[in-house]
Number of protein chains: 2
Amino acid sequence: MAKHEPDLSLLFHALADPTRRSILTRLARGPAPVTELANPTGLRLPTVMRHLSVLEAAGLIATSKDGRVRSCAIVPEALAPVRTWLDEQREIWEGRLDRMDEYVMKLMEERAK
Amino acid sequence: MAKHEPDLSLLFHALADPTRRSILTRLARGPAPVTELANPTGLRLPTVMRHLSVLEAAGLIATSKDGRVRSCAIVPEALAPVRTWLDEQREIWEGRLDRMDEYVMKLMEERAK
DNA sequence: ATGTTAGTTAGCCGCATGGCTAAACATGAA
DNA sequence: TTCATGTTTAGCCATGCGGCTAACTAACAT
């Protein structure tokens, strides 16, 4: 399925990992350098680096280097497409419920005749 | 990172694939048998089956067999944890903004002395 | 009973992912 | 300059993923 929203796939994939989610949650409280992010994970730095680049590729975080320390910060708008997708999904589903209501109504009218 | 929410990982991972998302969108309009779901994807049945089991494992769809045809239906509540996580995330972020406001206020008070 | 249709299972293939170590940079401190 | 610190790069390994074919089962239709 060649799809038009690679963003969504990147986003969902980035969010699918507990380590990455915990990094995000940590970052939601404020920017932090790489090593500080690595500490609570118990993982080695290169591993954490890769998680960070996945997050950055998905647009969920932004990083900048000051001296020799790289600071990471969350990009809160990045979650918008996810939210939008969820809303669309719910809308379609509710549309379906509405149509089901109509259908039931029609049935009841039929029966009332 | 041993995490306490395997659901979230399963959910996000299930949603990370365009084929699976399109199947979900299709199902949001009403239940459908496997072959009907497979048709628009251009993929072989076993492949689609695997996608379906990923979706089912994540609790996003439910299936039932009637005769020799298996009908798949969406489970709309399944997206709730995702929505909840997004909301929590946003809350933390906004909390951070609030604290930043406080901080700025404090700074201004200091300066006013 | 025989064929057709709808799923299912088994197993192969290539690539991506998530972990690691070891070695290389780059910068700030002594 | 030399050393310590904070990444960064390269490369290895096992596992998992997404695609396939081929072969098997389970209903329904003739």
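Each chain gets a letter, A, B and so on, in the order its sequence line appears, and its residues count up from 1.
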- Short side-chain N/O contact from A/Thr47 to OP1 or OP2 of C/dC20, under 4.0 Å: yes
Would you tabulate the nitrogen or oxygen pairs shorter than 3.5 Å linking the protein to nucleotides 28-30 of chain C?
none

- May I ask you to test the B/Val48-B/Arg44 pair for a side-chain heavy-atom distance under 4.5 Å? no
- Message: If I take atom CZ in residue A/Arg70 and atom C1' in nucleotide D/dT5, what distance separates them, rounded to the nearest angstrom?
- Response: 16 Å
- In whole Å, what is the span from the CG atom of A/Asp17 to the P atom of C/dA16? 18 Å
- Item | Residues touching DNA chain D, which here means a heavy atom under 4.0 Å, drawn from residues 49-62 of chain B | B/Arg50, B/His51
- Query: Distance-only, no hydrogens or angles: does the B/Arg20 side chain make a donor-acceptor pair with backbone N or O of B/His13 under 3.5 Å?
  - Reply: yes
- Message: For residues B/Leu79 and B/Leu27: do they belong to one hydrophobic cluster (side chain heavy atoms under 4.5 Å, members Ile, Leu, Val, Met, Phe, Trp, Tyr)?
- Response: yes
- Task: Would you mind classifying the nucleic acid contact of A/Pro46 as base, sugar-phosphate or nothing, using non-hydrogen atoms under 4.0 angstrom?
- Result: base
- Query: Could you give the CZ-to-P distance, from B/Phe12 to C/dT17, as a whole number of Å?
  - Reply: 18 Å
- Expressed in angstrom and rounded to an integer, what is the separation of B/Leu45 atom CG from D/dT25 atom P? 18 Å
- Tell me: CG of A/Asn39 to P of D/dT7, nearest whole Å? 10 Å
- Compare side-chain N and O positions of A/Lys65 against OP1 and OP2 of D/dT8 and report whether any pair is under 4.0 Å apart. yes
- Task: Please check if the side chain of B/Thr84 supplies one atom and the backbone of B/Ala80 the other of a donor-acceptor pair under 3.5 Å.
- Result: yes
- Query: Atom CD in B/Glu56, atom CG in B/Leu10: separation rounded to 0.5 Å?
  - Reply: 12.5 Å
- Task: Taking side chain to side chain donor-acceptor pair (under 3.5 Å) as the test, write out the residues that go with A/Arg83, two or more places apart.
- Result: B/Asp87
- Message: In whole Å, I'd like the distance from the CZ atom of B/Arg44 to the C1' atom of C/dA6.
- Response: 15 Å
